[in-house]
J.: 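Questions regarding the structure given below will be posed in turn.
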Amino acid sequence: MNKRKGSLVMSVGLALLLLATVGIVLAGDVVIDSFSAGAMSISHTISDTVFSYPVTFSDHVSVAGPLGGYRDLCLTVVDGNNDATATAYVSTGSNNYVVQDLGNTVQARTLVQWDGNDGDCALDPVGLVDAGSGEDLTDGGTNDGMLLRIVASDGRPVDFEVRLYTDADNWGQRNVSFASVVDSGDVVDLFLPFSTFDDDGAGTLEEDNVGAVELLIDASASSSAGADMTVDLIKTTSVYEYGDVPLTGTLGLPISQTGFLTATVNARHIPLGMRLGDNVDTEAAHTASVPNARSNSNDADGDDKLDTPDDEDGVVKANRQDGDFAPDPVEGTEDWTAGSWTDGDGGGVNITWRGCADSGDNRCRVYAWIDWDRDGVFESGERIFATVKTGSSGSSYQPFTIPAGVEFENVRYYARFRICSYSPGGCTTPDATDVVDGEIEDHYFEWGTVPLAVTLAAFDAVPQDGAVVVTWETALEVNTLGFNLYRADTESGARVRLNNNLIPTQHPGMSVGGAYSWVDATVVPGGSYFYWLEELDAGNTLTLHGPVTAEAAGPSAVKVLEFSAGSGMLGSAAWLAAVVMVGAVWTWRRKR
């Protein structure tokens with residue numbers, strides 16, 4: 001028998017949650033700038049009679065927050081109509097970001113520079129070097145690249161250039177073209193792996209020895225005139241865009257529904273602006289890798305329980321109306337039928353895409369799968385469509401065939417949708433990793449009332465020599481922190497909690513179960529009692545089970561309760577032998 005003290009198990013559970021949280025906090029992020037300090041502003045109105053263009057204007061701040069404690073802001077106006085205005089500014093306070101705001105005819109570029117205390121826009125490639133070494137943007141090797149978060153764009157084409165310098169002879173640059181609308185309140189993450197910083201660079205860039213960093217928002221071409229752009233954050237980290245299907249063993253999956261294997265949940269994209277819907281954010285890992293309330297969603301929305309806004313916004317289950325499909329405002333009434341898609345039979349979704357191109361390799365291709373047999377695997381035969389989307393943005397209805405025999409009564413199906421460039425593609429399979437550009441969206445489609453699985457496998461109360469022994473067994477404890485046990489004299493009577501402290505789970509954060517017993521020796525022999533078990537999960541949600549009832553037996557001449565191995569519910573390990581005393585004793589044993 002494996003016995004543990006309650007305080008030890010609770011400590012282990014809390015430690016697991018703490019380690020998971022610390023793992024996120026200590027992910028090694030190196031913030032280049034969050035733009036939360038050091039407000040700046042440059043504004044220029046074009047006048048050909050005064051200036052000969054291009055011309056550069058600058059501002060400089062010394063403030064805690066930006067990398068190295070200094071930030072240079074440089075606005076170069078290239079061309080535009082007289083009286084048109086170009087502005088570059090850093091906003092701090094309730095909104096923290098750097099903004100390029102151009103009049104409709106203005107061609108300009110905004111340079112943000114972190115190169116130490118040089119006070120001008122002339123690059124000092126070793127301005128961040130201190131005591132002979134520059135900034136370690138990898139934080140000891142834990143960071144893979146650089147994250148830029150865009151929170152507004154008018155959709156006119158902009159070229160981002162990020163430059164990292166070890167010194168004047170050793171540097172790397174990464175270019176990204178961006179030309180899609182980002183409305184206020186939306187979020188689009190771009191992730192630039194260090195391994196891709198080789199465009200127009202020279203020598204050997206050392207990401208762990210960086211002397212200067214530059215971000216260029218370039219709208220100097222005539223095709224980019226008037227481009228507005230807002231960047232909320234620039235930092236080095238290790239994040240990707242993951243899906244949200246539940247991991248195998250996730251708490252509360254519907255009956256007959258299994259979670260997905262590691263290969264499926266670890267599929268990921270390197271986002272560069274191409275996306276489903278308006279938003280795409282990044283995560284440090286698939287959300288089910290962290291044992292907390294965020295991780296154990298069975299609704300394919302794990303990261304959206306923590307991150308905002310919801311980036312699963314590009315696919316909507318569609319309803320047949322007059323032979324066509326359209327978004328149905330009443331969730332759960334979508335009319336899909338098994339069989340070939342003819343005259344409205346079959347299924348359909350509405351797809352919204354952003355960041356694509358009209359032709360060539362940057363056209364978007366969308367692939368989709370539905371786990372019709374609910375076995376936790378998106379098989380090749382479960383791919384419902386592969387379709388090409390063109391234009392920077394758009395929306396369309398996409399029908400598909402549903403296999404014969406598929407039911408639509410009190411059932412849930414998980415689906416995966418992936419978008420990536422037409423060439424080289426990379427998202428043709430549901431499990432592909434490190435797909436350059438694009439996004440994964442996972443959804444669940446549900447009809448009727450779907451019966452959900454419960455963590456509690458058994459709950460019972462039996463009389464035992466002047467006491468009542470309450471037993472319960474769990475099927476898994478991925479999301480369960482512990483239990484409270486209540487008793488009442490009648491089913492509708494006032495409930496009294498028997499345990500002073502939360503009864504901790506035996507296997508916190510694990511997809512295995514445990515078996516527990518509580519000896520209630522405070523009962524009156526011959527009395528009838530009702531018991532309820534309250535389960536507390538990591539999201540602070542309480543679930544009540546019961547009641548179960550038992551009549552307390554009178555004491556016998558033998559005061560020792562002997563529990564032995566057997567084939568019953570809790571007979572898979574030896575039981576505790578105990579002398580019944582006044583009060584209550586609770587124990588557990590390992591489930592095998």
Side-chain angles (χ1 to χ4, degrees), residues 25 27-43 56-76 87-101 109-131 133-140 142-143 145-152 160-168 171-174 176 187 189-192 194 197 205-218 229-237 239:
V25 174
D29 292 1
V30 177
V31 177
I32 308 300
D33 211 330
S34 63
F35 307 105
S36 59
M40 309 173 75
S41 182
I42 304 169
S43 186
T56 298
F57 307 89
S58 63
D59 193 8
H60 319 278
V61 295
S62 171
V63 63
L67 186 69
Y70 302 91
R71 181 198 305 124
D72 301 330
L73 182 65
C74 316
L75 174 66
T76 299
T87 304
Y89 64 93
V90 172
S91 172
T92 62
S94 58
N95 295 305
N96 306 318
Y97 37 62
V98 60
V99 179
Q100 175 177 273
D101 184 5
R109 53 182 176 266
T110 299
L111 175 68
V112 192
Q113 194 176 71
W114 301 270
D115 64 345
N117 185 22
D118 62 353
D120 57 45
C121 294
L123 174 68
D124 180 356
V126 293
L128 298 176
V129 172
D130 183 30
S133 62
E135 297 283 349
D136 181 5
L137 300 186
T138 74
D139 194 52
T142 61
N143 294 338
M146 183 165 291
L147 173 71
L148 276 72
R149 173 158 288 184
I150 301 170
V151 294
F160 283 104
E161 295 182 8
V162 180
R163 303 168 186 156
L164 305 178
Y165 295 83
T166 294
D167 54 43
W171 59 282
Q173 176 175 300
R174 177 66 194 274
V176 177
V187 167
D189 283 352
L190 309 180
F191 185 62
L192 314 178
F194 289 136
F197 276 76
L205 169 65
E206 300 173 19
E207 295 88 356
D208 59 353
N209 181 22
V210 172
V213 178
E214 292 183 319
L215 168 64
L216 181 66
I217 305 171
D218 191 352
M229 180 65 63
T230 302
V231 177
D232 176 68
L233 174 69
I234 178 170
K235 68 178 181 179
T236 65
T237 185
V239 291

J.: Any idea which heavy atoms bring L205 and F197 closest together, and the distance?
T.: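 Smallest heavy-atom distance, with atoms named: CD2-CB, 4.0 Å.
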J.: Can you measure from CG (L75) to OG1 (T56) and round to the nearest 0.5 angstrom?
T.: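 Interatomic distance, L75 CG to T56 OG1, rounded to 0.5 Å: 8.0 Å.
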J.: With sequence neighbours excluded, tell me which residues meet side-chain contact (heavy atoms from CB on, under 4.5 Å) with S41.
T.: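 S41: side-chain contact (heavy atoms from CB on, under 4.5 Å) contacts with Y89.
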J.: Using modelled atom types and a 3.5 Å cut-off, is there a donor and acceptor pairing between side-chain atoms of N96 and backbone atoms of G93?
T.: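 Yes: the side chain of N96 pairs with the backbone of G93.
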J.: Between CZ of F35 and CG of N95, what distance do you get to the nearest 0.5 Å?
T.: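 It is 13.5 Å, given to the nearest 0.5 Å.
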J.: Which residues satisfy the side-chain contact (heavy atoms from CB on, under 4.5 Å) test with Q113, sequence neighbours excluded?
T.: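 Expected list: D72, L111, D115, D118, L123, E214.
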J.: Looking at side-chain heavy atoms only, is the closest gap between M146 and L164 below 4.5 Å?
T.: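 SC-SC contact between M146 and L164 confirmed.
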J.: Please name the pair of heavy atoms, one in P125 and one in D167, separated by the smallest distance, quoted to 0.1 Å.
T.: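 What the structure gives for the nearest pair is CB-C, 3.7 Å.
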J.: What is the minimum heavy-atom distance between T142 and G28, and which atoms define it?
T.: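 Scanning both residues, the minimum pair turns out to be OG1-CA, 3.6 Å.
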J.: D136: which residues meet the side chain to side chain donor-acceptor pair (under 3.5 Å) condition with it, sequence neighbours left out?
T.: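 Side chain to side chain donor-acceptor pair (under 3.5 Å) list for D136, sorted by chain: T138.
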J.: Please report the closest heavy-atom contact between D189 and R149, naming both atoms and the distance.
T.: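 It is OD1-NE, 2.7 Å.
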J.: How far apart are the closest heavy atoms of D120 and H60, and which atoms are they?
T.: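 Closest heavy-atom pair between D120 and H60: CA-CE1, 3.1 Å.
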J.: Sequence neighbours left out, what passes side chain to side chain donor-acceptor pair (under 3.5 Å) with T87? Give chain and number order.
T.: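 Partners of T87 by the side chain to side chain donor-acceptor pair (under 3.5 Å) criterion, ordered by chain and then number, come out as S43.
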J.: Any side-chain heavy-atom pair from L148 and L215 closer than 4.5 angstrom?
T.: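 Side chain of L148 against side chain of L215, heavy atoms only: contact under 4.5 Å found.
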J.: Mind checking side-chain contact (heavy atoms from CB on, under 4.5 Å) for E206 and listing every partner two or more places apart, or none if nothing turns up?
T.: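 E206: side-chain contact (heavy atoms from CB on, under 4.5 Å) contacts with T166, D208, N209.
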J.: Do F160 and M229 have side chains that get closer than 4.5 Å, going by heavy atoms?
T.: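 A side-chain contact under 4.5 Å exists here.
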J.: Among residues at least two apart in sequence or on other chains, which ones pass salt bridge (charged side-chain N to carboxylate O under 4.0 Å, His left out) with D218?
T.: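 Partners of D218 by the salt bridge (charged side-chain N to carboxylate O under 4.0 Å, His left out) criterion come out as none, since no residue qualifies.
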J.: Testing the basics here: between V63 and P66, what is the closest heavy-atom pair and its distance to 0.1 Å?
T.: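 In this case the closest contact between V63 and P66 is O-CD, 3.2 Å.
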J.: So, using side chain to side chain donor-acceptor pair (under 3.5 Å) as the criterion, who are the partners of S34 when residues are at least two apart?
T.: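 Result, side chain to side chain donor-acceptor pair (under 3.5 Å) vs S34: S36.
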J.: Which value, rounded to the nearest 0.5 Å, describes the distance between L73 atom CG and M40 atom CE?
T.: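 With rounding to 0.5 Å, CG (L73) is 4.5 Å from CE (M40).
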J.: Under the salt bridge (charged side-chain N to carboxylate O under 4.0 Å, His left out) rule, what pairs show up with a residue in residues 30-39, not counting sequence neighbours?
T.: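 For residues 30-39: D33-R71.
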J.: To the closest 0.5 Å, what do you measure between CG (L233) and CD1 (I32)?
T.: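 Between L233 CG and I32 CD1, I get 9.5 Å after rounding to 0.5 Å.
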J.: Hey, does D124 have a side-chain heavy atom less than 4.5 Å from the side chain of Y165?
T.: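 Y165 vs D124: side chains apart.
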J.: Could you pull out all residues at least two apart from E161 that satisfy side chain to side chain donor-acceptor pair (under 3.5 Å)?
T.: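 By the side chain to side chain donor-acceptor pair (under 3.5 Å) rule, E161 matches R163.
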J.: Under the ring-ring contact (aromatic ring centres under 6.0 Å, His included) test, which residues partner Y70, sequence neighbours left out?
T.: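 Per chain and number, Y70 pairs via ring-ring contact (aromatic ring centres under 6.0 Å, His included) with no residue.
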J.: Would you please name every residue forming a side-chain contact (heavy atoms from CB on, under 4.5 Å) with V30, sequence neighbours left out?
T.: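 Scan of V30 (side-chain contact (heavy atoms from CB on, under 4.5 Å), adjacent residues dropped) gives L67, L137, D139, N143, T236.
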